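Notes follow the structure.
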Amino acid sequence: MTDWELCRSKLAPQAIAPLIMHWNVVSIEPILPLALAVRFADGTEGTVRFESTHLTGIFSTLKDPEVFRQAHIESGAVCWPGEIDLAPDAMYREIRQTGEWVLR
């Protein structure tokens, strides 16, 4: 109701905190060659590993160790330059089950 009254008075409502999902990635560490140690918002930890057979198409640039090391987090997802990213929910599900997500 407070926000409603602020809006009716032509004032800005209070800011809403961003939604944090349990599968949001909060830290990563590249482990060469072609693996990442990841930690999620709920504390779950595991490894993401790329097999060379997965490094085709858009993922082919990750063959370069310098590019692979540029892994970073954007909005809870692992990303690289060139609009490459990994689905955090799928990563989370597999790591919760086996401790590792292998991309083949």
Side-chain angles (χ1 to χ4, degrees):
M1 288 305 295
T2 302
D3 285 336
W4 175 251
E5 292 302 325
L6 287 169
C7 289
R8 285 185 49 178
S9 300
K10 301 202 186 303
L11 298 172
Q14 298 171 10
I16 298 173
L19 182 61
I20 307 241
M21 301 303 291
H22 58 279
W23 63 69
N24 280 5
V25 176
V26 295
S27 72
I28 57 170
E29 181 182 340
I31 304 167
L32 297 178
L34 302 174
L36 299 168
V38 298
R39 186 167 45 88
F40 297 90
D42 72 350
T44 298
E45 296 181 352
T47 305
V48 175
R49 186 169 51 86
F50 287 85
E51 290 190 354
S52 59
T53 55
H54 190 77
L55 299 177
T56 61
I58 192 166
F59 291 105
S60 65
T61 61
L62 300 182
K63 291 177 186 176
D64 181 343
E66 289 301 315
V67 174
F68 192 81
R69 278 190 206 100
Q70 294 179 44
H72 60 281
I73 300 167
E74 288 182 23
S75 301
V78 176
C79 300
W80 286 269
E83 298 186 23
I84 301 169
D85 62 26
L86 300 176
D89 54 335
M91 182 189 321
Y92 178 84
R93 184 175 51 251
E94 190 65 25
I95 287 175
R96 288 282 294 185
Q97 290 178 1
T98 67
E100 181 177 54
W101 190 31
V102 180
L103 298 162
R104 295 183 167 92

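Nothing here was measured: the structure is a model prediction, and the numbers come from that model. When reading the values below, keep in mind they use all heavy atoms of this one structure, side chains included, and skip hydrogens, waters and symmetry mates.
Linking ILVMFWY side-chain heavy atoms closer than 4.5 Å, directly or via other members, places I31 and V67 in two distinct hydrophobic clusters. Using a 4.5 Å cut-off between side-chain heavy atoms of Ile, Leu, Val, Met, Phe, Trp and Tyr, with links allowed through other members, V78 and V102 fall into different hydrophobic clusters.
Here the CZ atom belonging to F68 is positioned 6.5 Å from the CG atom belonging to L32, to the nearest 0.5 angstrom. From R96, atom CZ reaches atom CH2 of W23 across 13.0 Å, with rounding to the nearest 0.5 Å. Annotation: the span from L62 atom CG to Q70 atom CD amounts to 10.0 Å, rounded to 0.5 Å. The OG1 atom of T53 sits 8.0 Å away from the CZ atom of R104 when rounded to the nearest 0.5 Å. One finds the CD atom of E51 at 10.0 Å from the CG atom of L34 (value rounded to the nearest 0.5 Å). In this structure, CD1 in I95 is found 7.0 Å from OG1 in T47, a value given to the nearest 0.5 Å.
The two residues A71 and L36 make their nearest non-hydrogen contact at CB-CD2, 4.1 Å. In terms of heavy-atom proximity, P88 sits nearest to V25 at CB-CG2, 4.4 Å. Of all the heavy atoms in I84 and T61, the pair that sits closest is CD1-OG1, 3.2 Å. Contact record, F40 with H22: CB-O, 3.5 Å, taken as the closest heavy-atom pair.
Contact of the V26 side chain with the I73 side chain is not registered, since no non-hydrogen atoms from C-beta on lie closer than 4.5 Å. By the 4.5 Å heavy-atom criterion applied to side chains, L86 and F50 are counted as neighbours.
Between F59 and H54, the angle of the ring planes lies from 30° to 60°, which puts this pair in the tilted group.
Within 6.0 Å of atom CZ in R69, more than 12 heavy atoms from other residues, nucleotides or ligands are found, so the atom counts as buried in its surroundings.
Evaluation of the salt bridge (charged side-chain N to carboxylate O under 4.0 Å, His left out) test over residues 70-86, restricted to residues two or more places apart or in two chains, returns none.
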